[in-house]
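These numbers come from a predicted model, not from an experiment. Just so you know, residue 1 is the first one in the sequence shown, and it goes up from there.
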Amino acid sequence: MSPPIPPAALRLADIALQPQSIAAVALCLTLLAFIHHHLTRSSRLPLPPGPPGNLIFGNSIPNAFAYRHFEKWTQEYGPVFSLRQGLTITVIIGRVQAAIDILEKEGAATADRPRVISAGETLSGGMRTLLTPAGERFKKMRRALHAHLQPKTLSGYAPTLAKNARQHMLDLIATPERHQDHAKRYSAAVVMTLAYGKNAQIHDDPDIIAVNRCLTTLGNNLRPGLWKVDAYPFLRYIPGYLKELQDGHKEELALFKGELKEVKAKMDRGEEVPQSFGKYLLERQKELELSDDETAYLAGSMFGAGSDTTASAISIAVMAAACYPEAQAKVQEELDTVIGPPTLEDQDKLPQTMAFVLETFRWRPVSAGGFAHKATKDIIWNNYVIPKGSSVIGNVWSVGRDPAYFPDPEKFDPQRWITKDGKVRDDLKAFTFGFGRRVCPGQYMATSSVFLNTALIQWAFKVKSDSTSPIDQWAFTESANTHPKPFKVVFEPRVAPTLEGVRELIEDYGL
């Protein structure tokens, strides 16, 4: 028989197992590791200045609209400032030249992603290209994506974009009050075709509903500071803590695998399968050295490249047209020089329209906060050090509000993108699609989609605000890829006396 445990030992054990004691030990270890990190840093230069934080926990980052808060800190602490959460140093870049110096010129040292246990490892299973750390997996996934999303392949997208843009216009004529739903249908339908060769004709298509649900889950869980496990990794071992994300991963993986399975089944039956990214991956899966799950996620990643973001950008352009009628009128004056509805082939002839689109990208960027990079070496900038291993975020919202490059930055002014001889400037960039070697591979498809739909909408309609329901230009969702909250506009027919007349014109032109 074992000897009895002394009462004092029992009390010590009880104390040791108290949650408060566990937290205290964890915090002490965090503090010691942080002090050790600073004492052993290879550079003795200081971190960029930043707001003061708690000695142990560091800074508190707002869960909602962090990018707007970062702009206030940019104005207070300068173009580059630093934050700390636990052991994690995060450096925020909020001005154009600093972004060029750190994320563009030092692109090789900032091409990595920090570890994201929540949205990256758990929700995405480590397989989402957006969040995948640099390495062999990232290289092979990125290489495959670029093969289908680079500019020279854009001509192959044109019929798909045109077909769905035509349906978008007919949807707006039928039920204009659902204009934001129609933008989502257009974007998801385009990506469904490009990814799987499928045609989705209605907003209530089950595939589109499933895609948009998964994208909403991703956007909500990418907000900086939402999941404390990313700063305190030991939290992942708390039973049930990550269940919501684990369930989301199961749903998303099942969706992506199911869509690809349909493509494979048709190929196995010898049916004629339209060319698509999914078909391309299945034909080259062994060559690309992709597992079944990686292949499914890579095909599914096209949704992030072109669906959620494009839908939001189209709605933002509608909002801007309603709120800034003078800018809209300048676009429409240009569109009247084109015979019939504008097409992608008219893009070079329509600099005012492209300038309007570029200004919407800057004015209300969809990925407003950007996504974190990881420094793989100490980066010296203006006698400050961005330490190796730190997270580096190019805050797209702030970069596009740099007064040195965008005077009067809160003003919606498409003319800032136009040269004196009336062409689109090629020396100005708001970094809407990211920075350096992590720039969004879907940027060309997204820009073409927004341009085409914006041109068609403003060709067909005069978009006006609804006097009974003023537009709140600051009302956006809190997700990482922001969407305007529901807003009302009036689509007044412009190229014909009635909406029915607009519909007939679209059909007559064979758009």
Measure from the side-chain N and O atoms of [X] to the backbone N and O of [Y], and report whether any donor-acceptor pair falls under 3.5 Å.
X	Y	answer
Asp378	Lys388	yes
Asp346	Pro342	no
Asn395	Tyr67	yes
Asp402	Val96	yes
Glu492	Phe461	no
Glu359	Asp413	yes
Glu106	Ile100	no
Arg137	Gly126	yes
Ser391	Thr90	no
Asn59	Pro51	yes

Is there side-chain contact between [X] and [Y], with heavy atoms separated by less than 4.5 Å?
X	Y	answer
Leu161	Ser448	yes
Pro484	Gln180	yes
Asn164	Arg166	no
Ser187	Ile314	yes
Ile457	His179	no
Trp227	Leu245	yes
Met127	Leu298	no
Leu130	Leu222	yes

So which atom in [X] and which in [Y] form the shortest heavy-atom distance, rounded to 0.1 Å?
X	Y	value
Arg84	Leu55	NH2-O, 2.7 Å
Thr482	Pro365	OG1-O, 3.6 Å
Ala119	Ser124	O-OG, 2.7 Å
Leu452	Ala165	CD2-CB, 3.8 Å
Tyr232	Gln85	OH-C, 4.3 Å
Thr129	Arg438	O-NH1, 3.2 Å

Roughly how far, to the nearest 0.5 Å, is the [atom2] atom of [Y] from the [atom1] atom of [X]?
X	Y	atom1	atom2	value
Glu410	Gln473	CD	CD	10.0 Å
Leu131	Arg115	CG	CZ	13.5 Å
Met354	Lys349	CE	NZ	14.5 Å
Ser312	Met319	OG	CE	9.0 Å
Gln458	Gln328	CD	CD	4.5 Å
Lys184	Thr310	NZ	OG1	13.5 Å

Under 4.0 Å between a Lys/Arg side-chain N and an Asp/Glu carboxylate O for Glu104 and Arg437? no

Salt bridge check, Arg178 against Asp171: does any charged N sit closer than 4.0 Å to a carboxylate O? no

Val489 and Asp466: CA distance, side-chain angles, deciding distance, side chain to side chain contact (heavy atoms under 4.5 Å, CB included) verdict: CA-CA 5 Å; Val489 293; Asp466 186 332; over 6 Å; no

What verdict does the side chain to side chain donor-acceptor pair (under 3.5 Å) test give for Thr376 and Asp112, after you've listed the backbone C-alpha separation in whole Å, the side-chain angles of each residue and the deciding distance to 0.1 Å? CA-CA 7 Å; Thr376 54; Asp112 203 358; over 6 Å; no

Going by the rule ring-ring contact (aromatic ring centres under 6.0 Å, His included), which residues pair with Tyr297 if we only count those two or more places apart in sequence or in a different chain? His249, Phe256

ring-ring contact (aromatic ring centres under 6.0 Å, His included) partners of Phe412, counting only residues at least two apart: Tyr324, Phe356, Trp363

For residues [X] and [Y], is any side-chain donor paired with an opposing acceptor at under 3.5 Å?
X	Y	answer
Gln352	Glu333	no
Gln97	Asp101	yes
Asn220	Ser479	no
Glu334	Thr353	yes

Kindly check if the number of other-residue, nucleotide or ligand heavy atoms within 6.0 Å of [atom1] ([X]) is above 12?
X	atom1	answer
Lys140	NZ	yes
Asn383	CG	no
Lys377	NZ	no

Evaluate the side chain to side chain contact (heavy atoms under 4.5 Å, CB included) criterion for residues Ile393 and Ile93: first the C-alpha distance (whole Å), next the side-chain angles of each, then the deciding distance (0.1 Å), finally the verdict. CA-CA 6 Å; Ile393 298 176; Ile93 300 171; over 6 Å; no

Taking the six-membered ring of [Y], is the NZ or CZ of [X] close enough (under 6.0 Å from the centre) and on axis enough (within 45°)?
X	Y	result
Arg364	Trp397	no
Arg142	Phe138	no
Arg95	Tyr405	no

Run the side-chain donor-acceptor check on residues 72-83: report pairs under 3.5 Å with partners two or more places apart or on a different chain.
unit_1, atom_1, unit_2, atom_2, d
Thr74, OG1, Phe70, O, 2.9
Gln75, NE2, Glu71, OE2, 2.8
Ser82, OG, Pro48, O, 2.5

ring-ring contact (aromatic ring centres under 6.0 Å, His included) between Tyr196 and Phe277, worked out: CA-CA 7 Å; Tyr196 306 114; Phe277 188 43; 9.1 Å; no

Side-chain donor/acceptor pairs under 3.5 Å, residues 366-374, sequence neighbours excluded:
unit_1, atom_1, unit_2, atom_2, d
Ser367, OG, Asn481, OD1, 2.6
His373, ND1, Thr110, O, 2.7

Is it the case that the ring center of Phe476 lies less than 6.0 angstrom away from the ring center of Phe65? no

Can you sort out the partners of Pro176 under side chain to side chain contact (heavy atoms under 4.5 Å, CB included), two or more places apart, ordered by chain and number? Phe491

Of all residues at least two apart in sequence or in a different chain, which pass the side chain to side chain contact (heavy atoms under 4.5 Å, CB included) check with Ala430? Arg362, Phe406, Trp417, Thr432

Audit row: Tyr384, Leu47, side chain to side chain contact (heavy atoms under 4.5 Å, CB included) steps and yes/no: CA-CA 5 Å; Tyr384 294 111; Leu47 293 168; over 6 Å; no

